[in-house]
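No hydrogens, no waters, no symmetry mates; every other heavy atom, side chains included, goes into these values.
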Amino acid sequence: LTMPCPIFLMALRFRLNVPPKEFLPHLCTCSQPLSSSPSHFQSCKFTKPKSGTLRHNSLVQLLSHFAQSLGAETQIEPRGALGETSKRPDLEIRFMDDPAAVLLDVSVVHPAAKSHLRAAQHPLGAALRRERLQSQKYDALATSEGAHFSPFVVESYGAMSKSALTVVDWFACQARQQNSNITRKFLVEAISVCLMRGNARIAIEGAHLTARNTRPPFNALQINAPF
């Protein structure tokens with residue numbers, strides 16, 4: 001459970017709602033103001049495809065690793081888990097003592113994003129809203145295939161939804177039954193570190209893209225020589 005110093009400092013700036021870098025332009029590459037929203041990069045459309053996806057995939061892989069270490073078989077984005085539909089959850093988990101698969105769909109929401117501000121007026125409001133959307137998408141399909149579905153939603157500041165904590169408790173229960181040294185505390189800390197590392201990567205990418213795309217033209221950098 002470690003973070004390199006640059007990643008830790010970037011994650012700390014995010015938690016303190018401080019811009020990820022000094023002297024950033026007033027506008028993001030997507031034209032959204034940065035001065036009034038220091039954490040904007042967490043929901044920027046330009047950071048989602050790369051760093052946002054990497055954060056998501058890292059969380060999925062971490063959950064898969066936990067399940068495997070407890071003796072489960074896992075499959076990331078399983079094909080055919082929901083019948084003939086093209087919809088695929090992020091992770092399928094099967095323990096030997098339970099014939100029914102558990103399907104997880106992982107999501108990170110940024111409560112300070114404009115699209116979540118209204119829901120975020122209540123504790124975990126943004127996470128609960130995303131949970132409902134995921135359940136509407138997968139619940140009926142999972143039931144029809146004899147599987148159990150659970151959303152796994154984490155807010156960017158670290159709060160976990162009720163369903164996500166239920167999955168953590170399930171892992172911890174499996175660990176106790178197997179006399180494993182994996183504890184609930186360790187699981188929560190590992191997920192938190194993975195999340196903060198992902199947040200830092202997003203902030204770094206956003207700052208880099210914005211600085212690169214707003215760099216003044218070469219002629220503006222030339223200095224009048226005395227000859």
Side-chain angles (χ1 to χ4, degrees), residues 1-3 7 11 15 52-82 87-111 123-143 145-201:
L1 301 180
T2 60
M3 285 190 283
I7 297 293
R15 289 301 301 268
T53 299
L54 181 59
R55 179 181 62 182
H56 169 271
N57 291 348
S58 295
L59 285 168
V60 173
Q61 291 165 6
L62 180 65
L63 294 173
S64 177
H65 171 74
F66 284 152
Q68 289 177 0
S69 67
L70 295 172
E73 295 182 351
T74 67
Q75 188 174 358
I76 294 175
E77 293 189 357
R79 295 181 181 273
L82 297 174
K87 295 179 181 178
R88 287 187 291 173
D90 289 316
L91 184 64
E92 179 183 54
I93 302 173
R94 290 181 181 271
F95 281 99
M96 295 296 292
D97 59 351
D98 188 351
V102 174
L103 307 176
L104 303 182
D105 199 60
V106 177
S107 185
V108 180
V109 294
H110 183 48
L124 282 171
L128 293 174
R129 180 186 180 199
R130 181 63 59 84
E131 270 193 346
R132 287 194 292 269
L133 292 174
Q134 289 178 313
S135 295
Q136 291 171 5
K137 183 177 180 180
Y138 290 112
D139 268 349
L141 289 170
T143 301
E145 295 296 320
H148 303 296
F149 172 74
S150 177
F152 193 96
V153 184
V154 183
E155 292 191 348
S156 57
Y157 292 105
M160 297 185 191
S161 68
K162 183 178 179 180
S163 294
L165 289 174
T166 298
V167 173
V168 170
D169 289 338
W170 177 50
F171 281 154
C173 180
Q174 292 287 339
R176 288 194 298 271
Q177 292 175 1
Q178 301 177 31
N179 294 319
S180 170
N181 58 0
I182 296 177
T183 63
R184 185 184 190 276
K185 180 175 181 291
F186 173 79
L187 292 168
V188 171
E189 289 176 348
I191 292 168
S192 298
V193 169
C194 184
L195 174 68
M196 289 302 120
R197 288 175 69 107
N199 290 345
R201 293 191 192 98

Would you say that [X] contacts [Y] through its side chain, given a criterion of any heavy-atom pair below 4.5 Å between the two side chains?
X: V188; Y: M160; answer: yes
X: R184; Y: V168; answer: yes
X: R79; Y: R88; answer: yes
X: S156; Y: P111; answer: yes
X: C173; Y: R176; answer: yes
X: S161; Y: P151; answer: no

So, the side chain of R197 versus the backbone of T2: is there a donor-acceptor pair under 3.5 Å, distance only? yes

Check for a donor-acceptor pair, side chain of D105 on one end and backbone N or O of Y138 on the other, with a separation under 3.5 Å. no

If I compare all heavy atoms of [X] with all of [Y], which pair ends up nearest, and what's the gap?
X: F149; Y: A142; result: CB-CB, 3.7 Å
X: Q178; Y: L70; result: NE2-O, 2.7 Å
X: K137; Y: L141; result: O-CD1, 3.7 Å
X: A100; Y: G146; result: CB-O, 3.5 Å
X: G158; Y: M196; result: N-CE, 4.3 Å
X: A164; Y: V153; result: CB-O, 3.7 Å

To the nearest 0.5 Å, what is the distance between [atom1] on [X] and [atom2] on [Y]?
X: E73; Y: S64; atom1: CD; atom2: OG; result: 11.5 Å
X: N181; Y: F186; atom1: CG; atom2: CZ; result: 8.0 Å
X: D90; Y: N57; atom1: CG; atom2: CG; result: 8.0 Å
X: I76; Y: L104; atom1: CD1; atom2: CG; result: 11.0 Å
X: L91; Y: Q61; atom1: CG; atom2: CD; result: 10.5 Å
X: Q75; Y: L103; atom1: CD; atom2: CG; result: 10.5 Å

Any chance the rings of W170 and F66 have centres within less than 6.0 Å? no

Is R94 salt-bridged to E92, going by a charged N under 4.0 Å from an acidic O?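 Answer for the salt bridge query: yes.
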
Do the side-chain N and O atoms of D98 and H148 include a donor-acceptor pair separated by under 3.5 angstrom?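 Absent: no donor and acceptor within the cut-off.
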
For a side-chain contact (heavy atoms from CB on, under 4.5 Å) check, start with the C-alpha distance between L63 and F152, then their side-chain angles and the critical distance, and finish with the verdict. CA-CA 10 Å; L63 294 173; F152 193 96; 3.9 Å; yes

Going by side chain to side chain donor-acceptor pair (under 3.5 Å), E131 matches just one of S150, S107, S163. Which one? S163

Test side-chain contact (heavy atoms from CB on, under 4.5 Å) on L54 and R201 and set out the steps. CA-CA 9 Å; L54 181 59; R201 293 191 192 98; 3.5 Å; yes

